[in-house]
2 protein chains.
Amino acid sequence: MSKLDQIDKKILNRLQEDSRTTTKELSSEVGISTTPVYERVKRLEKDGYIKKYVALVDKDKVERELTVFCQVSLKSHLKKNIQQFQEHMLGLPEVMECYHMAGNFDYLIKVMVRNMKEYQKFVVEKLTTTDVIDHVQSLFVMGEVKQETKFPLK
Amino acid sequence: MSKLDQIDKKILNRLQEDSRTTTKELSSEVGISTTPVYERVKRLEKDGYIKKYVALVDKDKVERELTVFCQVSLKSHLKKNIQQFQEHMLGLPEVMECYHMAGNFDYLIKVMVRNMKEYQKFVVEKLTTTDVIDHVQSLFVMGEVKQETKFPLK
DNA sequence: GTTGAAAGAAAAGTAGG
DNA sequence: CCTACTTTTCTTTCAAC
């Protein structure tokens, strides 16, 4: 599990932009032949640099046009409660991201739903059905400026 | 650009989990033969349901272990300033996400960097070099509970 | 690291039901 | 929608340098 050289980084940059890039294309872009490119990609997968390959779907097309961040505070910080809350989050498909935060509140979660009505339903019927939550504050997204999955390596 | 049926949804769910799933595998999972599966995938790409295929890289392995959310307020909300700020964000590779928010502040951005020292450098030398920013508040992530790119369709 | 070759798989297209 | 077949391309492995 050695460090990445410039060629590895170029490969990772390319695959982060388009994972369908073929070994052949990669090879001409990074300037080495297909065999070592193939071996490098396999190594990057094996060593865990590449976690997985996914298709990114347009949120508007699948009716998830409303994004809301929720700042959640728990009633207590007992390990039991933290665990219960985290498991609750893992089970909610509307929750795309969930972070344990330092500061004035405990968790920041990113929720993506169809519209405001669905969001209300989510908060009332799903989010707050676990009794470990004390307080929720919703921050509404009006517009998306940037949304990246790529870490540019250099 | 018609609506999705159950088969389309199954295909999208699968490709969101693993975009390397072959037409053959998809075909046995959704119960139709390879040719129509192939055509459905092409249609989903063409109609924009699938935006792109990407490799997801492990943030720890590429030295982006610190995640910080910044609540940014602008000095004024003149169109010119909004535009300048947004372009500034697009040019910063540490900024993974940027949202225009309703509420007490103007933008929420997700920044991923190596460590606290790098974050300080980012704030001082990069984020706040545009004169349209009035105020920045940093919210630090202690732990990641969930991080999803998949919209489960049903 | 490189090249080239080769077997196997998958993608992409075609034809007929 | 199905099966079946074809061509092309890519993946994967291997031998040799």
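Here the structure is a predicted model, which means the values were calculated and not measured. Hydrogens, waters and symmetry mates are skipped; everything else that's a heavy atom, side chains included, is used.
- Side-chain nitrogen and oxygen atoms of Tyr38(B) include at least one within less than 4.0 Å of the OP1 or OP2 phosphate oxygen of dA12(C).
- Residue-to-nucleotide contacts include no donor-acceptor pair under 3.5 Å from the side chain of Ser33(A) to the base of dG1(C).
- Whole-Å rounding puts the Glu25(A) CD to dC10(D) P distance at 7 Å.
- With dG13(C), dC1(D), dG1(C) as the candidates, the nucleotide lying closest to the side chain of Arg40(B) is dC1(D).
- Annotation for Lys75(B): atom NZ counts as buried by contact number, over 12 foreign heavy atoms lying within 6.0 Å.
- Evaluation of the side chain to side chain contact (heavy atoms under 4.5 Å, CB included) rule for Phe69(B) yields Phe69(A), Tyr99(A), Met101(A), Leu108(A), Thr67(B), Leu108(B), Lys110(B), Leu139(B), Val141(B) as partners, not counting sequence neighbours.
- Here dA10(C) presents its P atom at 12 Å from CG of Leu26(B), a figure rounded to the nearest Å.
- Atom pair Lys24(B):NZ and dC10(D):P shows a separation of 19 Å (rounding to whole Å applied).
- Residue Asp18(B) contributes atom CG, which lies 15 Å from atom C1' of dA10(C) at whole-angstrom precision.
- Under the 30°/60° scheme for interplanar angles, the aromatic rings of His100(A) and Tyr107(A) are found to lie parallel.
- Of the two residues near DNA chain D, Thr21(A) and Pro36(B), the one whose nearest nucleotide lies more 5' is Pro36(B).
- Between the CD atom of Gln6(B) and the P atom of dC1(D) there is a distance of 14 Å, given to the nearest Å.
- In the interface, the side chain of Thr22(B) is not paired with the base of dA11(C) through any donor and acceptor atom under 3.5 Å apart.
- Within 6.0 Å of atom NZ in Lys121(B), 12 or fewer heavy atoms from other residues, nucleotides or ligands are found, so the atom counts as exposed in its surroundings.
- dT12(D) atom P lies 12 Å from atom CD of Glu39(A), rounded to whole Å.
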For a quick test of your reading: what N or O donor-acceptor pairs under 3.5 Å do the side chains of residues 50-57 of chain B make, sequence neighbours left out?
{"from": "Tyr53(B)", "atom 1": "OH", "to": "Glu45(B)", "atom 2": "OE2", "distance (Å)": "2.6"}

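- Using a 4.0 Å cut-off, some side-chain N or O of Thr23(A) falls inside it from OP1 or OP2 of dT11(D).
- Take the nearest nucleotide of DNA chain C for Arg20(A) and for Thr34(A): the residue whose nucleotide is more 5' is Thr34(A).
- Set against dT3(D), dC14(D), dA12(C), the side chain of Lys42(B) has dA12(C) as its closest nucleotide.
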